[in-house]
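Per chain, numbering begins at 1; letters A, B, ... match sequence-line order.
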Amino acid sequence: MLHINKIRENQESYLALLKIKNIDAAKLFSSVIAKDDERKATQQKADELLTKGNQLAKQIGELYKIGQAAEANALKNESSTIKESSKALQAKQAELEKEIQDILVQIPNLPHPSVPQGKSDENNITIKEVGPIPTLMKGAKPHWQLTTDYSLIDFELGNKITGAGFPVYTNRGATLQRALINYFLDKNINAGYTEYLPPHLVNEASMFGTGQLPDKEGQMYHSAEDNLYLIPTAEVPVTNFFRDVIVKEFPIKCTAYTPCFRREAGSYGKEVRGLNRLHQFDKVEIVQIQHPEKSYETLDIMVNHVASILDALELPYKILQLCGGDLSFASALTFDFEVYSAGQQRWLEVSSVSNFESYQANRLKLRYKDENGKIQLCHTLNGSALALPRIYAALIENNQTAEGIRIPKALQSYTGFDIIK
RNA sequence: GGUGAGGUGGCCGAGUGGCUUAAGGCGCACGCUUGGAAAGCGUGUAAACGGGAAACCGUUUCGGGGGUUCGAAUCCCUUCCUCACCGCCA
């Protein structure tokens, strides 16, 4: 959420930046500022009345104390009238605040000035490409075939007990999954992140804090009876640890493995085949809370960290800078990672590393005290390091040989085997 | 699920309608003291919004919401959460 006062001060430049995201916010800005003007005027009137009311109450108390009940009673009427009108004003103020809030949550974060204009993912810019693209043997298969042939994943069994998009990992397939989770966590811990294992259900306030509510209501699984939501990413519980917190030291670095639950309403076709898109999947997330002056430096460090994991796994990948049109609502700058999955000859998104600047922090009330003792908003960043299913798909597709599926060196101590036959 | 006790500034904790502008303690910061430190003494120590160049002032906030009252941390209703014991259970 953008801050209303910042919008006031920087209207023109903000409008120009939002154009990069293909958003024309001129009307929203003018209406939100008008409402805010009204809010201020209302508050001033209400405050005046309340001051008077407080003074009267005090006077009445003092009159009673010295036994002048008649004089005290005479003041009660006035006090009651003031009470009524101040209540009305406070109600109006609350209503205006809600209206302002409702507008502000509709305005996306400003993109970083370096973000290229663009309509869709076709306009993203490839920053780096790391090869080589593997040449597979004749008759190479996509992962959904391999997982069946080698008994790694039972999609049918998942269909039976839950439904499509809920695979059951079996035997060495399950071991490989577990190995990847541990490998990613260890990599992150070695890079200075603190590991957390958070709850997988969160309350409504947390979903508001990171912005899943109100706009993505339909994308999440919801337990109505307890009003709890299944998390779509570890970002939600972990970032919300710091809701309403005034942090003392930077940076804060967290990593967490969680399953992620997404309804993915409206997805279909080859996009969802096999492991490409699931309703439940595993992911290891990294989150940082940083001082505003250091957040872009940190973003680079996080991008390099994710790249180093892919290097170690010997996967071909490319790093993309998202254009305005593809940038998420809350993000100012995002780098996506895609790995090449040779069996289906496709690039698959496996990580998205973003700087949200103060956008989430404003919602979360996540702040620090600057050198002058003034309260300021922190910057938040997060990224996947990494999302499992597509890494899994690329790993087994790219490493398939006539003898079996080879496990990259870095993972062997985690799996306990170097080939799946 | 049942019964009971609670939720008060960063923390502990007092507070049964006006003397609370939330006591007292701990912690933290600054100062005095000291060769230096500790102790001691003193001062200060929340956030949001509004007004103001600033100093500062006003309003709101004692889990959340609503009510009674001229006046609520305190009384009433409601809701959430925590703890203890019991029941069930990995």
Side-chain angles (χ1 to χ4, degrees), chain A residues 1-9 32-105 197-209 213 222-229 237 240-250 252 289 358-378:
Chain A
M1 206 167 61
L2 298 178
H3 200 287
I4 179 72
N5 290 341
K6 293 271 166 60
I7 293 178
R8 273 180 189 280
E9 289 161 25
V32 81
I33 288 170
K35 281 196 194 297
D36 194 46
D37 287 337
E38 204 185 340
R39 191 207 96 240
K40 283 189 194 185
T42 310
Q43 183 179 339
Q44 267 183 55
K45 276 189 231 155
D47 280 1
E48 274 170 34
L49 282 177
L50 285 166
T51 308
K52 211 167 173 194
N54 288 341
Q55 285 168 351
L56 271 176
K58 207 174 234 174
Q59 273 180 40
I60 292 169
E62 277 158 13
L63 286 171
Y64 271 124
K65 214 182 301 167
I66 58 172
Q68 303 189 12
E71 286 83 347
N73 286 328
L75 291 176
K76 282 189 186 179
N77 262 347
E78 194 185 352
S79 187
S80 298
T81 320
I82 286 178
K83 173 92 175 199
E84 260 172 56
S85 30
S86 67
K87 266 207 166 161
L89 283 169
Q90 282 181 305
K92 191 181 174 196
Q93 191 186 333
E95 195 181 307
L96 283 164
E97 274 165 14
K98 189 179 175 301
E99 286 175 28
I100 289 164
Q101 182 84 358
D102 286 348
I103 297 174
L104 287 178
V105 298
L197 186 54
H200 301 159
L201 283 92
V202 298
N203 58 28
E204 214 177 335
S206 296
M207 282 299 186
F208 270 104
L213 289 176
H222 179 222
S223 165
E225 186 137 21
D226 300 294
N227 197 23
L228 295 174
Y229 292 83
N240 274 283
F241 292 162
F242 305 98
R243 171 151 47 87
D244 293 318
V245 167
I246 295 177
V247 305
K248 298 262 159 60
E249 251 182 293
F250 292 113
I252 295 172
I289 293 161
S358 61
Y359 194 84
Q360 286 184 328
N362 189 29
R363 251 186 202 227
L364 290 159
K365 301 273 178 295
L366 164 49
R367 297 164 295 176
Y368 69 98
K369 272 190 184 153
D370 68 16
E371 47 301 338
N372 302 318
K374 278 191 75 180
I375 300 282
Q376 308 282 359
L377 293 169
C378 302

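- One finds the CG atom of A:L377 at 6.5 Å from the NZ atom of A:K6 (value rounded to the nearest 0.5 Å).
- Here A:L75 lies out of heavy-atom contact (under 4.0 Å) with every strand.
- One atom, CD1 of A:I60, and another, P of B:rC70, lie 8 Å apart when rounded to the nearest Å.
- Atom C1' of B:rG4 sits at a distance of 47 Å from the matching atom of B:rC41, rounded to the whole Å.
- For A:R39 and B:rG50, the shortest distance from a side-chain N or O to OP1 or OP2 is below 4.0 Å.
- Distance CZ (A:R243) to C1' (B:rG64): 13 Å, rounded to an integer number of Å.
- For B:rU69, the base has no donor-acceptor partner in the side chain of A:K76 [N/O atoms by modelled type, under 3.5 angstrom].
- Summarising the base pairing, B:rA39 is matched to no nucleotide, lacking a Watson-Crick or G-U wobble pair whose two defining distances lie under 3.5 Å.
- The shortest distance between the side-chain N/O atoms of A:K83 and the OP1/OP2 oxygens of B:rG71 is below 4.0 Å.
- Of the charged side-chain nitrogens involved, none lies within less than 4.0 Å of a carboxylate oxygen, so that A:E99 and A:R39 do not count as a salt-bridged pair.
- Of the listed nucleotides (B:rC49, B:rU59, B:rC70), B:rC49 has the atom at the smallest distance from the side chain of A:Q43.
- The separation of B:rC11 from B:rC28, taken at their P atoms, amounts to 15 Å, rounded to a whole angstrom.
- For A:Q101 and A:E97, the side-chain atoms include no donor-acceptor pair closer than 3.5 Å.
- Residue A:H3 places none of its side-chain N or O atoms closer than 4.0 Å to OP1 or OP2 of B:rA48.
- Looking at A:T51 and A:N54, their side chains never bring a donor and an acceptor atom within 3.5 Å of each other.
- With both ends at atom P, the span from B:rA22 to B:rG44 equals 14 Å, rounded to whole Å.
- As a whole-Å value, the separation of A:K374 NZ from B:rU45 P is 19 Å.
- With values rounded to the nearest 0.5 angstrom, A:N73 atom CG is found 12.0 Å from A:S79 atom OG.
- Separation of atoms CG (A:L49) and NZ (A:K87) is listed at 13.5 Å; rounding is to 0.5 Å.
- Of the C1' atoms belonging to B:rA73 and B:rG17, the separation is 11 Å, rounded to the nearest Å.
- On the C1' atoms, B:rU68 is 24 Å away from B:rG6, given to the nearest whole Å.
- Checking B:rC89 for Watson-Crick or G-U wobble geometry (two distances, each under 3.5 Å) identifies no partner in any strand.
- Nucleotide B:rA48 holds its C1' atom 12 Å from the CG atom of A:D47, rounded to whole Å.
- Nucleotides B:rA23 and B:rG9 place their C1' atoms 13 Å apart, quoted to the nearest Å.
- Within 4.0 Å of A:K369, counting heavy atoms only, lie sugar-phosphate atoms of the nucleic acid but no base atom.
- Results of the side chain to side chain contact (heavy atoms under 4.5 Å, CB included) test with A:I252 over A:V245, A:V247, A:L366 single out A:V247 as the only residue that passes.
- Taking atom CD1 of residue A:I246 and atom P of nucleotide B:rU45, one finds them 16 Å apart after rounding to whole Å.
- Panel note: side chain A:S86, backbone A:I82; a donor-acceptor pair is recorded below 3.5 Å.
- Residue-level contact check: A:I375 touches the backbone only, with heavy atoms under 4.0 Å from sugar-phosphate atoms and none from bases.
- On the C1' atoms, B:rG63 is 7 Å away from B:rC81, given to the nearest whole Å.
- Nearest-nucleotide mapping onto RNA chain B: of A:A57 and A:L50, the residue sitting toward the 5' end is A:A57.
- A:N5 has its CG atom 9 Å from the P atom of B:rG51, to the nearest Å.
- In terms of position along RNA chain B, the nucleotide closest to A:G61 lies nearer the 5' end than the nucleotide closest to the other residue of the pair A:L56 and A:G61.
- The partner of B:rC83 is B:rG4, by the rule that a Watson-Crick or G-U pair needs both atom distances under 3.5 Å.
- Across B:rC57 and B:rG25, the matching P atoms stand 25 Å from one another, rounded to whole Å.
- The side chain of A:K87 approaches B:rG67 more closely than any other nucleotide in the set B:rG50, B:rG18, B:rG67.
- Nucleotide B:rC19 forms a pair with no other nucleotide shown, judged by Watson-Crick or G-U wobble geometry with both contacts under 3.5 Å.
- B:rG27: Watson-Crick or G-U partner is B:rU45, with both key distances under 3.5 Å.
- Under the Watson-Crick or G-U wobble criterion, with both distances below 3.5 Å, B:rA53 has no partner in any strand shown.
- Nucleotide B:rA47 holds its C1' atom 14 Å from the CD atom of A:Q376, rounded to whole Å.
- Contact check, A:N54 against B:rU21: no side-chain N or O comes under 4.0 Å of OP1 or OP2.
- The separation between A:D244 atom CG and B:rG64 atom P is 12 Å, rounded to whole Å.
- Regarding the sugar-base torsion, B:rG9 falls in the syn class, its angle being within 90° of 0.
- Residue-level contact check: A:Q44 touches the backbone only, with heavy atoms under 4.0 Å from sugar-phosphate atoms and none from bases.
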